[in-house]
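Keep in mind it's a predicted model, so treat the numbers as computed, not measured.
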Amino acid sequence: MRILVAFDGTDGAREALAVADEIAAPSEGELVVCWVLNPRVDAADVVAATTAEAMVQVVAEAQSSIEDALTDLEAGAVIRVESVERGEDVAEHLARVAADEEATLLAIASRRASGLRGLMGSVAQEVLRLSPCPVVVVRPAER
């Protein structure tokens, strides 16, 4: 079993990672933890000479955050920190990574932002629509 976990460093993403680990551990499944960055947004507040240099800092911080979140988990994990492609959004990128990785499940946190009667954020809704595999949506404090 290979589970793609959408990660962004939030408490909700950590919850989704823990749920994915609980699902994967009994079968010695693999977690692919993916933090999708948008250079225009995620590097905007970083002081650097170029956007590319700013992204190097942002990617390093994202990798460190994922590694920290993985310390107490049982399943083996692959860390991927990627940037959205031109014209692509986070949900599209996650769906593409799920397909490329042949994921059997995609785990994502919901921020309870808007839509679906306030239960899911827009990225989670779009992932549900685009994902090539089943999706587990983990709400904050659900566990």
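To the nearest 0.5 Å, the span separating OG1 on Thr51 from CZ on Arg40 amounts to 10.0 Å. Between Gln63 atom CD and Ile79 atom CD1 the span is 7.0 Å, to the nearest 0.5 Å. Leu31 CG to Leu70 CG: the interatomic distance, rounded to the nearest 0.5 Å, is 7.5 Å. Within the model, atoms OG1 of Thr104 and CD1 of Ile23 stand 9.5 Å from one another, a figure rounded to the nearest 0.5 Å.
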Evaluate side chain to side chain contact (heavy atoms under 4.5 Å, CB included) for Trp35 paired with Leu37, printing each intermediate quantity in order. CA-CA 6 Å; Trp35 191 325; Leu37 299 169; 3.2 Å; yes
For Val136 and Ile108, what are the C-alpha separation, side-chain angles and deciding distance, and is it a side chain to side chain contact (heavy atoms under 4.5 Å, CB included)? CA-CA 6 Å; Val136 171; Ile108 188 168; over 6 Å; no
Start with the C-alpha gap between Asp68 and Arg14, add the side-chain angles, then the distance that decides, and say whether salt bridge (Lys or Arg N to Asp or Glu O under 4.0 Å) holds. CA-CA 10 Å; Asp68 180 53; Arg14 288 174 182 272; 3.4 Å; yes
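Here Asp89 pairs with Ala91, Glu92 under the side chain to side chain contact (heavy atoms under 4.5 Å, CB included) rule; sequence neighbours left out. Applying the side chain to side chain donor-acceptor pair (under 3.5 Å) criterion to Glu82, with sequence neighbours excluded, gives Arg80, His93.
Ala43 approaches Ala54 most closely through the heavy-atom pair CB-CB, 3.7 Å. Nearest heavy-atom pair, Ala99 versus Pro132, reported as atom, atom and distance to 0.1 Å: N-CG, 3.7 Å. Nearest heavy-atom pair across Ala69 and Leu17 is CB-CD2, 3.7 Å. Ala62 and Val81 get closest at one heavy-atom pair: CB-CG1, 3.9 Å. Nearest heavy atom pair, residue Val138 against residue Ala16, reads CG2-CA, 3.8 Å.
In the displayed structure, Glu102 atom CD is contacted under 6.0 Å by at most 12 heavy atoms of other residues, nucleotides or ligands.
The main-chain N or O of Asn38 is found under 3.5 Å from a side-chain atom of Asp42 such that the two form a donor-acceptor pair.
The cluster map of Ile, Leu, Val, Met, Phe, Trp and Tyr, joined by side-chain heavy atoms under 4.5 Å apart, puts Val32 and Leu130 in different clusters. Linking ILVMFWY side-chain heavy atoms closer than 4.5 Å, directly or via other members, places Val46 and Met55 in a single hydrophobic cluster.
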Which pairs of donor and acceptor atoms, one on a side chain in residues 1-11, lie under 3.5 Å apart (sequence neighbours left out)?
| unit_1 | atom_1 | unit_2 | atom_2 | d |
| --- | --- | --- | --- | --- |
| Arg2 | NE | Glu30 | OE1 | 2.7 |
| Arg2 | NH1 | Glu101 | O | 2.7 |
| Arg2 | NH2 | Glu30 | OE1 | 3.0 |
| Asp8 | OD1 | Thr10 | N | 3.1 |
| Asp8 | OD1 | Thr10 | OG1 | 2.7 |
| Asp8 | OD2 | Arg111 | NH2 | 2.4 |
| Thr10 | OG1 | Ala13 | N | 3.1 |

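Among Val123, Leu106, Val135, the one residue that satisfies the side chain to side chain contact (heavy atoms under 4.5 Å, CB included) test with Leu128 is Val135.
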